[in-house]
Amino acid sequence: MTLIIGEHDGNETRLPAFASTLGRRGVQIIVDRFRIDGDVGEQIRTHALAANADLLIMGAYTRPHFLEWLFGGPTQDLFTHATLPILTHH
């Protein structure tokens, strides 16, 4: 399993709690961290496809949904240009 984590600042985002649970059960976890610069949706798609992803599980709508609908944003971009199934969590 590969976790891709995009970050705006240089700080390391904590791994989700399920990563340690899976690790204890013998699932090998690879972490691909990248610095977000430019088109967030495109960067996420690129990293997911490079990891041979079958499914993209991601957080969604970090900005108010109305603003993202009005002005666009990474979540809307990923839905519009989906290249693999997406499961979101808000």
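Worth saying up front: this structure is predicted, and the values here are computed from it rather than measured.
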Visitor: Is it true that a side-chain atom of Gln43 and a backbone atom of Asp37 form a donor plus acceptor pair closer than 3.5 Å?
Guide: yes

Visitor: Under a single-linkage definition using a 4.5 Å side-chain heavy-atom cutoff for Ile, Leu, Val, Met, Phe, Trp and Tyr, are Phe79 and Leu49 assigned to the same hydrophobic cluster?
Guide: yes

Visitor: Could you tell me which non-hydrogen atom of Ala19 sits nearest to which non-hydrogen atom of Leu3, and how far apart they are?
Guide: CB-CD1, 4.0 Å

Visitor: Looking at Leu78, Ile44, Ile57, which hits side chain to side chain contact (heavy atoms under 4.5 Å, CB included) with Ile86?
Guide: Leu78

Visitor: Could you tell me whether the side chain of Arg33 reaches within less than 4.5 Å of the side chain of Thr13, counting heavy atoms only?
Guide: yes

Visitor: Answer yes or no: is there an ion pair linking Arg35 with Glu7, defined by an N-O contact shorter than 4.0 Å?
Guide: no

Visitor: Given the rule in the side chain to side chain contact (heavy atoms under 4.5 Å, CB included) test, do Ile30 and Met1 qualify, once you have shown the distances and angles that lead to the verdict?
Guide: CA-CA 6 Å; Ile30 299 166; Met1 166 187 246; over 6 Å; no

Visitor: Looking only at heavy atoms, what is the nearest atom pair of Ala48 and Leu84, with distance?
Guide: CB-CD2, 4.3 Å

Visitor: How close do Leu55 and Leu87 get, heavy atom to heavy atom, and via which atoms?
Guide: CD1-N, 4.2 Å

Visitor: Check step by step if side chain to side chain contact (heavy atoms under 4.5 Å, CB included) holds for Ile5 and Phe34.
Guide: CA-CA 6 Å; Ile5 300 174; Phe34 65 96; over 6 Å; no

Visitor: Roughly how far apart are Thr2 OG1 and Ile29 CD1, rounded to 0.5 Å?
Guide: 8.5 Å

